Amino acid sequence: QAKAQGRNMAVAFAGDMSAEEEERRMLSQDLRHAVRHGQLQLHYQGIFLLPGQRLSGFEALVRWPHPKRGMIPPDRFIALAEESRLILELGRWVLDEACRQARAWQLPERGLTMAVNVSALQFEQSDFVAGVRACLEQHGLPGHSLVLELTESMVHRDPRLAKQTLRELQALGVKVAMDDFGTGYSSLSMLKSLPFGLLKIDREFLQDLSAASEQFAASQQFIEVMVRLAHNLQMRVVAEGVETAEQYDLLCGMGCDEAQGYWLARPLPPAEAAALLPAGAPDSPWPTQSPSSQQ
Ligand code: C2E
Ligand code: MG
Ligand code: MG
Ligand code: MG
């Protein structure tokens, strides 16, 4: 009896697995088609200086409007693209499109930056830096108007290669941000030894940043420590996932440099994101380089 039941369950399980695999295979095929036929889009989320809410730049976030399934969020297809290595092609398109938009919006002339997420596989390619340099040249952008966002995991895969690549990017003037800080296999020594210019605190840490939360004091302390650590290492700090005025005010008080979140601006299609740009032509014809640390 029990044996038979076990067997049935095993069969049902195997059935589910292949359905799931089939689903992934189809999604993967659709994604390849979407990348090759220019069907992906970028949305742009404003990032703001604290205090005062002056725009500091944008983060480009990829979107996939699937013809049958509607908008598929990146959390559902980036990993898939990494598995099939399609991420290399996808990533090149994202970088190129974000740089094209940065040029069209005259971001360097306005002293604003464009941030682009980079996946581990992309970052590990031996021609990655050459590709970034070529892209900047092609769009006539100075390195300092580009921010590349990396996550902790990729640095772990090969710290020596990471260090070398980060130095080459630094030589181009490109800024590098540690994204989602505090959620991965963070190692503090890694922060110390690698030249990151920006630290992005994961939005998980902001969830309890509210006087109504029981975890309020702890949450505040965590963020304070991260801000101090970053500043001691000459890095700027960006808080992700700011959803309330209270969080915004608290972050200002803690000396956080920049903020990003729904309360300030949602990720928006280009035409709407452009409304965040200061009105009129840029003041100076020359790119103004902001100091890497204000403190
Ligand atoms: P991320 O780089 O940490 O991007 C921030 C994510 O937080 C975005 O999700 C954004 O929409 C969301 N977000 C921003 N403000 C708030 C807020 O106030 N509350 C909440 N709940 N969420 C907020 P999104 O666009 O779904 O992207 C998810 C992740 O997918 C990104 O996380 C990034 O890791 C990855 N991703 C997005 N675009 C690309 C890309 O072009 N290439 C690569 N490799 N990864 C990408
Ligand atoms: Mg990011
Ligand atoms: Mg992030
Ligand atoms: Mg994230």
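Model, not experiment: these values are computed from the prediction. Counting starts at 1 for both ligands and their atoms, in listed order.
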May I ask you to check whether Asp179 brings an N, O or S atom to under 2.8 Å from the Mg ion (ligand 3)?
yes

Do you know which N/O/S atom name in Asp180 is closest to the Mg ion (ligand 3)?
OD1

Could you tell me, atom by atom, which parts of ligand 1 come under 4.0 Å of a heavy atom of Ser119?
44 (N)

What I'd like to find out is whether the side chain of Gln41 reaches to under 4.5 Å of the side chain of Pro269, using heavy atoms alone.
no

Any salt bridge linking Arg36 with Glu89? Criterion: basic side-chain nitrogen under 4.0 Å from a carboxylate oxygen.
yes

Record the part of Lys200 in heavy-atom contact with ligand 1 below 4.0 Å; permitted values are side chain, backbone, both and neither.
neither

All N/O donor-acceptor pairs, side-chain side in residues 51-68, below 3.5 Å, sequence neighbours left out:
unit_1: Ser56; atom_1: OG; unit_2: Glu258; atom_2: OE1; d: 2.9
unit_1: Glu59; atom_1: OE1; unit_2: Lys200; atom_2: NZ; d: 2.9
unit_1: Glu59; atom_1: OE1; unit_2: Gln260; atom_2: NE2; d: 2.8
unit_1: Glu59; atom_1: OE2; unit_2: Asn117; atom_2: ND2; d: 2.8
unit_1: His66; atom_1: ND1; unit_2: Lys68; atom_2: N; d: 3.0
unit_1: His66; atom_1: ND1; unit_2: Arg69; atom_2: N; d: 3.1
unit_1: His66; atom_1: NE2; unit_2: Asp30; atom_2: OD2; d: 2.7

Side chain, backbone, both or neither: the part of Gln260 lying under 4.0 Å from ligand 1 by heavy atom
neither

If you count every heavy atom of other residues, nucleotides or ligands that lies below 6.0 Å from Glu23 atom CD, does the total exceed 12?
yes

Could I get the full list of side chain to side chain donor-acceptor pair (under 3.5 Å) partners for Glu204, not counting sequence neighbours?
none

Can you confirm, on distance only, whether ligand 1 has an N/O atom lying under 3.5 Å from any N/O atom belonging to Val62?
yes

For atom 16 (C) of ligand 1, which candidate among Tyr262, Trp93, Phe77 provides the closest heavy atom?
Tyr262

Under a heavy-atom criterion of less than 4.0 Å, does Arg203 contact ligand 1?
yes

Just to confirm my numbers, could you give the angle made at the Mg ion (ligand 2) by OD1 of Asn117 and OE2 of Glu59, rounded to 10°?
90°

Can you sort out which atoms of ligand 1 are near Pro267, meaning under 4.0 Å from one of its heavy atoms?
11 (O)

How does Val94 reach ligand 1, by side chain, by backbone, by both or by neither, if only non-hydrogen atoms under 4.0 Å count?
side chain

Among Glu59, Arg63, His43, which one puts a heavy atom closest to atom 25 (O) of ligand 1?
Arg63

Short N/O/S contact of Glu149 with the Mg ion (ligand 3) (below 2.8 Å):
no

Nearest atoms (heavy-atom pairs only) where Leu146 meets Val174
O-CG1, 3.7 Å

I'd like to know if Glu97 and Arg100 make a salt bridge, using a cut-off of under 4.0 Å between side-chain N and carboxylate O.
yes

For ligand 1, is any non-hydrogen atom under 4.0 Å from Val242's backbone (N, CA, C, O), its side chain (CB onward), both, or neither?
backbone

Heavy-atom distance under 4.5 Å between the side chains of Met226 and Met254, does that happen here?
no

For Ala265 versus Phe48, what's the shortest heavy-atom pair and its separation?
CB-CE1, 3.9 Å

Within the 4.0 Å heavy-atom shell around Glu243, which atoms of ligand 1 are there?
17 (C), 18 (O), 19 (N), 20 (C), 21 (N)

Consider only side-chain heavy atoms of I, L, V, M, F, W and Y, link residues closer than 4.5 Å, and tell whether Leu169 and Met114 are in one cluster.
yes

So if I count the atoms of ligand 1 from 1 in the order they appear, which ones are less than 4.0 Å from some heavy atom of Gly241?
16 (C), 17 (C), 18 (O)

With a 4.0 Å cut-off on N to O distance, would you call Arg24 and Glu21 a salt bridge?
no

Going by heavy-atom distance to atom 46 (C) of ligand 1, choose the closest among Ile87, Leu40, Asn117.
Asn117

Quick one: does ligand 1 sit under 4.0 Å from the side chain of Thr151, the backbone, both or neither, non-hydrogen atoms only?
neither

Applying side chain to side chain contact (heavy atoms under 4.5 Å, CB included) to Leu206 and Ile223, what does each step give before you reach the verdict?
CA-CA 8 Å; Leu206 272 79; Ile223 296 172; 4.3 Å; yes

For Asp75, the ligand 1 atoms with a heavy-atom partner under 4.0 Å come out as 28 (C), 29 (C), 30 (O)

